[in-house]
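Take a look at the structure below.
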Amino acid sequence: WVKYLKHLLYVLHNDSEDLDSDATSTSMSRAKQKAETLIQLQNVSARAVKNCPYSVQLFSVKMQGVLEEVQAGCKLLEPDDLMKIVNEATSGGFLPNQEAHLEIYLAACRIVKRRVMELVSKGTSSLDYDDTERLDTIAGGGMKKKRRRGEEIELKKFVAPLEDDLEQEVHDLTEDLREMFEAGDGYLRKTFPEWTEGRYLFMREKARVEAFVCSPLLNDVNSDDVVKCYEK
């Protein structure tokens with residue numbers, strides 16, 4: 001299952017390279033192939049988790065399929081779709097251990113965080129948030145900064161304002177991300193009340209996301225949420 005799903009993801013991200021340079025390489029053909037591959041990814045991942053309901057990796061790929069739909073422009077990311085997959089995994093009773101429950105919740109939260117970062121990156125000079133870019137191009141156009149002796153560079157504006165709809169989507173997803181961490185913490189408390197190490201790992205992740213993603217994006221840098229995470 002895993003190998004086949006990885007193959008579908010490869011086809012999904014390399015469809016334009018596999019097509020010939022004739023009429024089949026038109027944008028319509030690429031869009032049709034991507035749509036068909038997305039449907040196939042959804043169907044195969046659904047069958048995979050039904051046959052192997054103990055596999056965290058397969059459930060994670062199923063959640064990745066939701067993100068692929070969003071990135072293809074088919075829909076907006078709804079964290080509820082991810083939480084349905086989380087509930088499917090945790091309520092089945094087949095996950096092998098408590099670590100698997102932790103990883104399922106972390107996988108869902110990380111997908112939302114990734115989408116937030118992708119949207120924020122639309123206001124930078126990169127095409128995607130993990131693309132390489134010059135870190136010396138920061139706000140302050142027209143200024144000069146000396147990097148090394150005899151060499152000066154022009155500082156250009158690094159971040160552009162997001163469009164209103166993107167800014168609202170970022171805000172909504174960031175709030176949803178906070179709620180997902182709260183739900184995960186509540187689930188671990190209730191299901192594994194004596195497993196303090198697992199809750200520590202989850203709250204550590206929450207604290208990092210709160211410090212570097214949620215609070216800065218929501219202009220809530222003076223919030224005590226990060227301190228509360230570490231206190232817990």
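Keep in mind it's a predicted model, so treat the numbers as computed, not measured.
Under a hydrophobic-cluster definition in which Ile, Leu, Val, Met, Phe, Trp and Tyr are linked whenever side-chain heavy atoms come within less than 4.5 Å, directly or via other members, Ile39 and Leu5 are assigned to different clusters. Cluster membership for Leu9 and Tyr4, using ILVMFWY side-chain heavy atoms within less than 4.5 angstrom, is shared. Following chains of ILVMFWY side-chain contacts shorter than 4.5 Å, one can reach Leu95 starting from Val2, so the two form part of one hydrophobic cluster.
Between Ala48 and Leu58, the shortest heavy-atom contact is O-CD1, 3.7 Å. The minimum heavy-atom distance linking Met63 with Ala107 is given by the pair CE-CB, 3.7 Å. Residue Trp1 comes nearest to Cys52 through the heavy atom pair CD1-SG, 3.8 Å, listed as atom of the first residue, atom of the second, then distance. For the residue pair Leu8 and Leu41, the shortest heavy atom distance occurs at CD1-CA, 3.9 Å. Among all heavy-atom pairs drawn from Met180 and Phe202, the shortest one is O-CZ, 4.4 Å. Residues Glu210 and Pro216 come closest through the heavy atom pair O-CD, 3.8 Å.
For Glu197, the salt bridge (charged side-chain N to carboxylate O under 4.0 Å, His left out) test picks out no residue, with sequence neighbours left out. Gln98 is linked by a side-chain contact (heavy atoms from CB on, under 4.5 Å) to Phe192, Trp195, counting only residues two or more places apart in sequence or in another chain.
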Show every donor-acceptor pair shorter than 3.5 Å between a side-chain atom in residues 77-89 and any protein atom, with sequence neighbours excluded, or say none if there are none.
from  : atom 1 : to    : atom 2 : distance (Å)
Asp81 : OD2    : Lys75 : NZ     : 3.3
Asn87 : ND2    : Met83 : O      : 3.2
Glu88 : OE1    : Lys62 : NZ     : 2.9

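Screening Val116, Val112, Val120, Leu218 against Val213 for a side chain to side chain contact (heavy atoms under 4.5 Å, CB included) leaves a single residue, Val116. A side chain to side chain contact (heavy atoms under 4.5 Å, CB included) with Gln168 holds for exactly one of Asp165, Asp172, Leu166; it is Asp172.
Tyr54 OH: 12 or fewer foreign heavy atoms inside a 6.0 Å radius.
Put simply, CG on Asp176 and NE2 on His171 are 10.5 Å apart, with the number rounded to the nearest 0.5 Å. Remark: Leu201 CG to Glu99 CD distance equals 9.0 Å, nearest 0.5 Å. Note: Arg208 CZ to Lys113 NZ = 9.5 Å, rounded to the nearest 0.5 Å. Between Ile111 atom CD1 and Leu106 atom CG the span is 11.5 Å, to the nearest 0.5 Å. Residue Gln71 holds its CD atom at 6.5 Å from CZ of Arg115, rounded to the nearest 0.5 Å. Considering CE of Met203 and OH of Tyr200, their distance stands at 12.0 Å, rounded to 0.5 Å.
Judged purely by atom type and a 3.5 angstrom limit, Thr174 has no side-chain atom pairing as donor or acceptor with the backbone of Cys214. In this structure a side-chain-to-backbone donor-acceptor pair under 3.5 Å is missing from Asp185 to Phe181. For Ser45 (side chain) and Gln42 (main-chain N/O), a donor-acceptor pair under 3.5 Å exists by modelled atom type.
Taking 4.5 Å as the limit, every side-chain heavy atom of Val209 sits out of range of all side-chain heavy atoms of Cys109.
A salt bridge links Arg114 to Glu118: at least one charged side-chain nitrogen sits closer than 4.0 Å to a carboxylate oxygen.
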For the pair Met117 and Leu217, evaluate side chain to side chain contact (heavy atoms under 4.5 Å, CB included) and give the outcome as yes or no after the intermediate values.
-> CA-CA 10 Å; Met117 294 292 96; Leu217 289 177; 4.2 Å; yes
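Side-chain contact annotation: Gln64 with Glu68, donor-acceptor N/O pair under 3.5 Å present.
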